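Order of the sequence lines fixes the chain letters, A, B, ..., with proteins taken first and strands second; residue numbering starts at 1 for each chain. Side chains included, hydrogens not; waters and symmetry mates left out as well; all remaining heavy atoms used. These numbers were taken from a predicted model, which means no experiment stands behind them.
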2 protein chains.
Amino acid sequence: MNDRKTQIIKHSVELVKKYGYDSFSYADISKDFGITKATIHHHFPKKDDLGLEICYYIHENMLTAFDKILSENTPAKKKIQEYIALYANMIDEGDKICPIASLQAESNIISEKMKKEVCTIDDLENMFIEKLLHLGIQSKEFTITGNIKYEAILITSALKGALMYARIHGEENYEMISKQLLMRLNI
Amino acid sequence: MNDRKTQIIKHSVELVKKYGYDSFSYADISKDFGITKATIHHHFPKKDDLGLEICYYIHENMLTAFDKILSENTPAKKKIQEYIALYANMIDEGDKICPIASLQAESNIISEKMKKEVCTIDDLENMFIEKLLHLGIQSKEFTITGNIKYEAILITSALKGALMYARIHGEENYEMISKQLLMRLNI
DNA sequence: GTCTATACAAAGATAGAC
DNA sequence: GTCTATCTTTGTATAGAC
């Protein structure tokens, strides 16, 4: 619809991945697109308006990516590896981390509305992984010891942590850490 | 030792754990201690000076905690649990995460000097865990599949991620996630 | 939708007095 | 070591013209 509006949201997600929500400004977007700050305020009166749209965008993007992975006729192991590859792309883009990890780290800064959205996205991601784990168990690709729900949360949390580590210490670390994480599933 | 300067550093570490480095200000410290911003600038002319001292303080604190755990005549399993409890304390303090995770999330905001210090602290923590893993293997308390170095990095990264998750979703999650993480070591 | 202009507060920082 | 006072820059935000 509103091309410029979507353009700003997309770019803002990248800024969150690189600098965090509180540390990027309307001035940054202004420079990057060659428009004035006032124009951005026209589309998003308050920064929190933009912040919420950022969350919604991440949410929708995630749904699309997960639906694609689920729809493919592939074994659970392959689906999990595709999920892990989604994260890897963020480092390749240059100096970025998971936008949700970034917002989690700023949870005492963002509005209650944004916080709630972050929680919803977290739940979505964890339920997706839980689903993949159940798939793999059913197809006897692997077994899970302990609690499946928390195994899922462990996987998503560990990958977010791994991405932050790899951004500073070298992107090659992400692959090594994720490989080690999946070792318990014999993947 | 317990002079104003140290007092400011200690408090700043807590602010980093709660809000992040970029999102806390001299004005915050000023209010909390009832002193002016100028006084803080007297102790730390630039914010980066304070930032570095924050890193050094975290570094030293970590060394002390790790030395204590290593010096005790306890099995490796117990030592790992003590390490995990160190993290748990941060949530108990109220709404806080690992200060290093916070700085990692802001790695494109902080100075090169601070970034280097964060890396050093990361290495220190990972080597500590690696040591505990070797101890446990030697004493036949558990076995490790895969790469021990990356198992250590996985543990530290996962716990940082788990802490961020638990801050938003409820502190009880930290225990559940860490329990699931250690399941592979049969702890 | 985009601009200029402007307001207003906050953040980092400095000079100089006590 | 702490203060008052001041400065600069940046960030968020609004009003009104084109």
Practice item. Quick one: sort the B/Y83 and B/F128 rings into parallel, tilted or perpendicular, breaks at 30° and 60°. Key: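 The rings of B/Y83 and B/F128 sit tilted, inter-plane angle from 30° to 60°.
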Review point. Once the angle between the rings of B/Y87 and B/Y174 is folded into 0 to 90°, is it parallel (under 30°), tilted (30 to 60°) or perpendicular (over 60°)?
Key: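 Correct class here is parallel.
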Between atom [atom1] in [X] and atom [atom2] in [N], what is the gap in whole Å?
| X | N | atom1 | atom2 | value |
| --- | --- | --- | --- | --- |
| A/D49 | D/dT12 | CG | C1' | 12 Å |
| A/H41 | C/dT4 | NE2 | C1' | 14 Å |
| A/I29 | C/dT2 | CD1 | P | 13 Å |
| A/H43 | C/dG1 | NE2 | P | 6 Å |
| A/L50 | D/dT12 | CG | P | 10 Å |
| A/I40 | C/dT4 | CD1 | P | 13 Å |
| A/I8 | C/dT2 | CD1 | C1' | 11 Å |
| A/I35 | C/dT4 | CD1 | P | 12 Å |

Practice item. Describe the nucleic acid contact of A/A38 in one word from base, sugar-phosphate, nothing, applying a heavy-atom distance below 4.0 Å. Key: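 Base contact.
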So, is [X] close to the [N] phosphate, meaning a side-chain N or O under 4.0 Å from OP1 or OP2?
| X | N | result |
| --- | --- | --- |
| B/K37 | D/dA5 | no |
| B/H42 | D/dC3 | no |
| B/T39 | D/dG1 | no |
| B/T36 | D/dC3 | yes |

Check your understanding: Between D/dG1, C/dT2, D/dT12, which nucleotide has the shortest distance from any of its atoms to the side chain of A/R4?
Key ->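 Taking heavy atoms from C-beta onward, the closest nucleotide is C/dT2.
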**Study point:** Residue whose nearest DNA chain D nucleotide is more 5′ - A/K46 or B/G34
**Key:**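 Upstream on the strand: B/G34.
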Check your understanding: Within a strict 4.5 Å, meaning less than it, do heavy atoms of the B/I80 and B/I155 side chains meet?
Key ->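 In short, these two side chains do not touch, never coming nearer than 4.5 Å.
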Exercise for review: State, yes or no, whether a side-chain contact exists between A/K17 and A/E93 at a heavy-atom distance under 4.5 Å.
Suggested key: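 They are in side-chain contact.
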Check your understanding: Is the shortest distance from a Lys or Arg side-chain nitrogen in A/R184 or A/E151 to a carboxylate oxygen in the other one below 4.0 Å?
Key ->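 Salt bridge present between A/R184 and A/E151.
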Check your understanding: Are B/E72 and B/K79 within salt-bridge range, i.e. N to O under 4.0 Å?
Key ->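 Salt bridge flag = no for B/K79 with B/E72.
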**Study point:** DNA chain C contacts made by residues 14-26 of chain A, counting heavy atoms under 4.0 Å
**Key:**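 Heavy-atom contacts with DNA chain C come from no residue of residues 14-26 of chain A; none.
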Practice item. For the pair A/S107 (side chain) and B/I168 (backbone), establish whether a donor and an acceptor sit closer than 3.5 Å, ignoring hydrogens and angles. Key: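 Side chain of A/S107 to backbone of B/I168, a donor-acceptor pair under 3.5 Å: no, none is there.
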